[in-house]
Each structure stands twice: as C-alpha cells, then as structure tokens.
Amino acid sequence: MSRASSSALKRPPVTAPSEPVGASSPFPAIEVAIDKQRRRGRGAQSNDSGRYEAEARVAFDDGWQSLDELPPFKTTVAVDTARKVITRNESPDIGFDRSINPYRGCEHGCVYCFARPTHAYLGLSPGLDFESRLFAKPDAPALLEKELAAAEYEPKMIAIGTNTDPYQPIERERKIMRGILEVLEKTGHPVGIVTKSALVTRDIDILARMAKRQLAKVALSVTSLDPKLARTMEPRASAPAKRLEALKRLADAGIPTTVMVAPVIPALNDMEMERILDAAAHAGVKEASYVMLRLPLEVRDLFREWLMANYPDRYRHVFTLIREMRGGRDYDSQWGTRMKGTGPMAWMIGRRFETACARLGLNKRRSKLTLDHFDKPERAGQQLSLF
C-alpha cells in the first residue's frame with residue numbers, strides 16, 4: 001500500500017456522459033481498485049479512503065505480485081457503544097421524525113445505498129468497508145426502554161430500516177432487532193419497518209400481535225424480479241422470490257405491508273415497475289411506493305464503477321437519464337424532489353406508478369398506526385406512586 005497526500009485522486013476519474021448519442025465513447029475503462037476474487041460476493045468495486053481522511057490509500061502492484069497475497073474481504077462486527085439509540089431528524093419530506101438503526105454498515109452490499117457515506121464518519125470507506133466492517137448495538141433494546149421511560153419523551157412512530165437494514169445477515173445470530181420489537185410491543189409503541197430481507201418473517205409472531213393493536217407495519221423493497229440483476233446489485237440481500245414470499249406471509253398474518261420499488265434506476269430496472277407491483281398485489285400487498293435512485297457524495301462514483309464493470313453498454317444512457325431527472329446534475333438533494341426527481345422522465349415514471357396502482361387496487365387506503373396504547377415504562381430507581 002502507498003500513501004498519498006489528501007490532494008491525490010481518491011477514485012479513478014470518470015468523464016461525465018455528455019457526448020452526443022451515437023458518438024464513440026471517450027470514457028476510459030475504470031480500473032477496479034480491488035481484485036474481483038478479494039471482493040467476491042460484495043457490491044462495491046473499490047475501497048477508497050473516506051472523505052474526511054487526511055491521507056488516501058491506494059493499492060498498486062509494485063512488480064512483486066504482492067496484491068495476490070492479500071486476503072479476501074471478510075465481514076467483521078464491532079460493538080457500537082452508543083449512549084442513545086433513537087435518532088432524530090427534521091427532514092420535511094419524510095413521514096417520520098425519529099428512527100433506530102441497530103447496525104452501522106450493511107452486509108447486503110447494495111451498491112446504490114444512500115447510507116454508504118455515513119461510514120466516512122467512522123474513518124472508514126463507504127465502499128467495501130461499509131459492507132464488511134459492521135458495528136452492532138447489542139444494548140439497543142435496553143437503551144430504547146430507558147429513552148422511552150424519560151419524563152419528557154412523547155411517543156410518535158419510530159422508523160427502523162431507513163438507513164441500514166435491521167434484518168441484514170448478522171441479525172440471525174445477534175437478534176438485536178427482535179429485542180427492540182419486544183420493548184416496543186411491551187410499551188405499546190408504534191413502529192414502521194423497511195427491509196430487503198425475508199428474515200423479517202422470523203418476527204411475525206411479535207409483528208402480528210402488534211398489528212392487531214395498530215402498532216406495526218412493514219415495507220419490503222423489491223428492486224428487480226431478475227435474479228441476476230438483483231444478485232449483482234444487491235449481492236447479499238434476499239432473492240426477489242424470497243421477498244415476494246415474505247410479503248405474502250406478512251399479509252396473510254394480518255400485518256399491513258407495503259412494497260417499495262426502490263430505487264428506480266432509469267434504463268436498468270424502471271421497466272420492471274409494473275411487474276413488481278403486479279407480483280406484490282397478487283401476494284396480498286395493499287400499499288406501494290417508489291423512490292428514484294439517489295447518488296449523494298461517494299455513492300455517485302461507487303455506482304459509476306459498478307455500472308461500468310457490469311453494464312458498460314448502458315453507462316452513458318443511464319447517466320444521461322439520471323441527469324435529466326436531477327436538473328442536469330448527478331444528484332439534487334433538494335427537499336420535496338430528491339425522492340422522485342423532476343423533468344419529463346420522472347413525470348412519466350410517476351404516472352406509470354399511479355396507473356399501475358389504480359389498476360391493481362393499491363393505495364386505496366393507507367394503514368395508520370396509533371399512539372393510544374403507549375405505556376411509558378418505569379425508570380430505573382423510580383419511586384412507585386401510592387395512588
């Protein structure tokens with residue numbers, strides 16, 4: 001490994017797709033920083049230093065084939081010693097103001113994940129580090145109960161899975177998410193869950209009981225019905241068929257379920273929107289939503305690398321359409337439009353979504369959660385009332 005100054009390029013340069021349609025492509029082949037065998041089963045192609053680091057580390061062959069001796073990326077899990085578990089936000093274009101993330105980083109390895117840049121806060125790479133160097137919060141259930149018991153706490157729906165997936169593979173052994181659900185059920189607190197994993201069905205017993213009291217709803221993201229595309233784009237997430245099966249099991253158990261076509265990527269999976277909605281409706285789903293591809297910070301270059309490595313013939317077309325929906329930029333973070341995009345292409349996708357939902361009877365009614373059952377837990381050392 002060599003060290004370079006912070007002014008050094010941290011990624012292979014990629015020219016913006018601005019040449020006329022039909023012209024020969026001037027884009028250089030992107031050199032994948034990490035050997036394919038070392039990153040087998042991962043989504044990102046590279047592992048560049050985080051944006052806050054003073055130094056950039058670049059792997060290069062010094063002529064002695066030393067890169068051949070580097071081991072494959074293996075998943076490691078460290079303990080996150082957070083003092084609080086409920087995260088607050090003031091974003092006006094999302095339907096919740098608080099959330100919980102049982103894990104930092106996500107082994108699913110979705111290349112487009114907008115949470116990847118958060119790993120830079122830890123001094124790690126949003127690339128392969130994000131999906132291999134994970135942090136778990138084993139104290140999350142206890143911390144949650146403590147926060148719910150605070151005198152000033154006012155209940156409102158808690159969203160889980162809006163950043164990293166609570167049902168990623170390590171949850172099978174850690175069971176942190178199940179512990180969180182046990183606290184929420186005991187206190188009668190409403191929760192909304194978003195996941196790409198069929199592992200959510202493990203907790204149907206708790207979720208079904210909560211749903212009867214209007215305390216729980218679950219959304220599963222189905223990005224593609226093509227197993228090959230899904231495996232390439234989301235290497236360790238549940239297969240599409242497993243997600244549809246999970247939706248059916250959740251719906252059959254009386255749990256309000258939503259299918260999320262997210263993200264919609266023009267010229268890559270947008271043509272599958274109607275098929276996904278149709279399959280979900282036949283599984284018993286009553287609600288649906290969609291989100292356009294978002295490419296903040298490092299995600300843009302990671303997605304570019306992945307696209308050039310796997311679908312080089314679509315690179316120019318995909319990014320041309322992305323820019324048409326983002327005001328000529330790769331990403332526009334403006335509230336109110338960042339989820340859906342703008343322009344003719346974004347408008348057409350929105351109308352296709354609405355037409356399909358109307359045809360399938362989706363979104364006729366929206367499930368609502370209640371705060372009526374909330375029972376504040378007792379604080380440790382709290383004196384009991386005489387009356």
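What you see below is based on every heavy atom in this structure, not just the backbone, and it leaves out hydrogens, waters and symmetry mates. Please read these numbers as outputs of a predicted model, since none were measured by experiment.
- The two residues Gly341 and Ala346 make their nearest non-hydrogen contact at C-CB, 3.6 Å.
- Put simply, the side chain of Glu171 gets close to the backbone of Ile176: a donor and an acceptor are under 3.5 Å apart.
- In this structure, Arg351 places its CZ atom where more than 12 heavy-atom neighbours from other residues, nucleotides or ligands lie under 6.0 Å away.
- A donor-acceptor contact under 3.5 angstrom links the side chains of Asp372 and Thr370, judged on distance only.
- We find that Lys248 and Asp252 are joined by a salt bridge, their nearest charged nitrogen and carboxylate oxygen being less than 4.0 Å apart.
- The ring of Tyr112 has its center no closer than 6.0 angstrom to the ring center of Phe303.
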**Study point:** From CA spacing to verdict: salt bridge (charged side-chain N to carboxylate O under 4.0 Å, His left out), Asp205, Arg178
**Key:** CA-CA 11 Å; Asp205 55 337; Arg178 185 169 179 87; 2.7 Å; yes
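- Under a hydrophobic-cluster definition in which Ile, Leu, Val, Met, Phe, Trp and Tyr are linked whenever side-chain heavy atoms come within less than 4.5 Å, directly or via other members, Val261 and Met348 are assigned to the same cluster.
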**Study point:** Residue pair Lys84, Glu147: steps toward the salt bridge (charged side-chain N to carboxylate O under 4.0 Å, His left out) verdict
**Key:** CA-CA 8 Å; Lys84 292 185 177 181; Glu147 290 182 58; 5.9 Å; no
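- Atom NZ of Lys137 sits in a crowded spot, with more than 12 heavy atoms from other residues, nucleotides or ligands closer than 6.0 Å.
- Here the straight-line distance linking atom CG of Asn101 with atom OG1 of Thr162 works out to 5.5 Å at 0.5 Å rounding.
- Under the 3.5 Å distance criterion, with hydrogens and angles disregarded, a donor-acceptor pair is assigned to the side chains of Glu234 and Thr223.
- Checking side-chain atoms of Gln168 against main-chain N and O of Asp165 turns up a donor-acceptor pair under 3.5 Å.
- Evaluated for a side chain to side chain donor-acceptor pair (under 3.5 Å) with Thr75, the options Arg133, Glu131, Arg42 yield exactly one hit, Arg42.
- For the pair Glu145 and Lys186, the salt-bridge criterion is met [side-chain N within less than 4.0 Å of a carboxylate O].
- Note: Tyr311 and Trp306 have tilted aromatic rings, judged against thresholds of 30 and 60 degrees for the angle between ring planes.
- Separation of atoms CG (Asp226) and CZ (Arg275) is listed at 8.0 Å; rounding is to 0.5 Å.
- In this model, no donor atom of one side chain and acceptor atom of the other lie less than 3.5 Å apart for Glu55 and Ser49.
- Listed for the His373 side chain is a donor-acceptor partner under 3.5 Å among the backbone atoms of Arg213.
- A 4.5 Å side-chain heavy-atom check between Asp332 and Arg338 finds every atom pair outside the cut-off.
- Other residues, nucleotides and ligands contribute at most 12 non-hydrogen atoms within 6.0 Å of the CZ atom of Arg365.
- At least one donor-acceptor pair closer than 3.5 Å links the side chain of Ser197 to the backbone N or O of Tyr167.
- Side chain of Arg352 to backbone of Asp270: a donor-acceptor contact under 3.5 angstrom is found.
- Of the possible polar contacts, none joining the Glu185 side chain to the Arg209 backbone as a donor-acceptor pair under 3.5 Å is found.
- The backbone N or O of Phe73 sits nowhere less than 3.5 Å from a side-chain atom of Arg40 that would complete a donor-acceptor pair.
- Residue Arg98 places its CZ atom among more than 12 non-hydrogen atoms of other residues, nucleotides or ligands, all under 6.0 Å distant.
- To the nearest 0.5 Å, atom CE of residue Met271 and atom CD1 of residue Ile265 are 10.0 Å apart.
- Tyr290 carries Lys340 over the face of its six-membered ring, with the cationic atom under 6.0 Å from the centre and within 45° of the normal.
- Asp80 and Tyr103 are not linked by any side-chain donor-acceptor pair at a separation below 3.5 angstrom, with hydrogens and angles left out of the test.
- Counted within 6.0 Å of NZ on Lys376, heavy atoms from surrounding residues, nucleotides or ligands total more than 12; the atom is thus considered enclosed.
- Connection of Ile204 to Met210 is established within a shared hydrophobic cluster, with ILVMFWY side chains joined at heavy-atom distances below 4.5 Å, either directly or through further cluster members.
- Taking the ring centre of Phe319 as origin, the terminal cationic atom of Arg304 falls inside the region bounded by 6.0 Å and 45° from the ring axis.
- Ionic pairing of Arg366 and Glu287 is present here: one or more N-O contacts between side-chain nitrogen and carboxylate oxygen are shorter than 4.0 angstrom.
- Between the Arg314 side chain and the Met308 main chain, no donor and acceptor come within less than 3.5 Å of each other.
- Not a single donor-acceptor pair under 3.5 Å links the side chain of Glu378 to the backbone N or O of Ala149.
- Using a 4.5 Å heavy-atom cutoff, the side chains of Ile193 and Leu207 are in contact.
- What you find for Leu362 and Ala281 is that their closest heavy atoms are CD2-CB, 4.2 Å.
- With rounding to the nearest 0.5 Å, the separation of CD in Glu245 from CZ in Arg243 is 13.0 Å.
- Linking Ile, Leu, Val, Met, Phe, Trp and Tyr whenever their side-chain heavy atoms come within less than 4.5 Å puts Leu369 and Phe96 in one cluster.
- Residues Thr187 and Asp375 bring no donor and acceptor atom of their side chains to less than 3.5 Å of each other.
- Proximity of a side-chain donor or acceptor of Glu272 to a complementary backbone N or O of Leu225 within less than 3.5 Å is detected.
- Taking 4.5 Å as the limit, every side-chain heavy atom of Lys196 sits out of range of all side-chain heavy atoms of Leu220.
- For the residue pair Tyr331 and Arg294, a side-chain donor N or O sits within less than 3.5 Å of a side-chain acceptor on the partner.
- Taken together through direct or relayed side-chain contacts under 4.5 Å among Ile, Leu, Val, Met, Phe, Trp and Tyr, Ile158 and Met177 form part of one hydrophobic cluster.
- Follow the hydrophobic side-chain contacts under 4.5 Å out from Leu360 and you reach Leu244 in the same cluster.
- The shortest side-chain heavy-atom distance between Val264 and Phe353 does not fall under the 4.5 Å cut-off.
- Considering all non-hydrogen atoms of both residues, Pro263 and Leu293 come closest at CB-CA, 3.7 Å.
- Here the shortest heavy-atom pairing between Asn163 and Ala115 reads OD1-CB, 3.1 Å.
- Phe374 and His189 have perpendicular rings, their planes meeting at more than 60° on a 0 to 90° scale where under 30° would count as parallel.
- Using a 3.5 Å distance cut-off with no hydrogens or angles, the side chains of Ser224 and Asn269 do not pair a donor with an acceptor.
- Atoms OG and CD1, on Ser367 and Ile255 in that order, are 11.5 Å from each other to the nearest 0.5 Å.
- Side-chain contact between Phe135 and His119: present, with at least one pair of heavy atoms (C-beta onward) separated by less than 4.5 Å.
- In this structure, CG in Asp129 is found 10.0 Å from CG in Leu122, a value given to the nearest 0.5 Å.
- Side-chain contact between Leu128 and Ser46 is absent, with no heavy atoms from C-beta onward closer than 4.5 Å.
- Within the 4.5 Å cutoff, no side-chain heavy atoms of Arg104 are placed close to those of Leu134.
- Here the closest non-hydrogen pair linking Tyr52 and Ala120 is CD1-O, 3.5 Å.
- Residues Asp48 and Leu302 form no side-chain contact, since every pair of their non-hydrogen atoms from C-beta on lies 4.5 Å or further apart.
- Closest heavy-atom contact between Ala309 and Gln45: CB-OE1, 3.4 Å.
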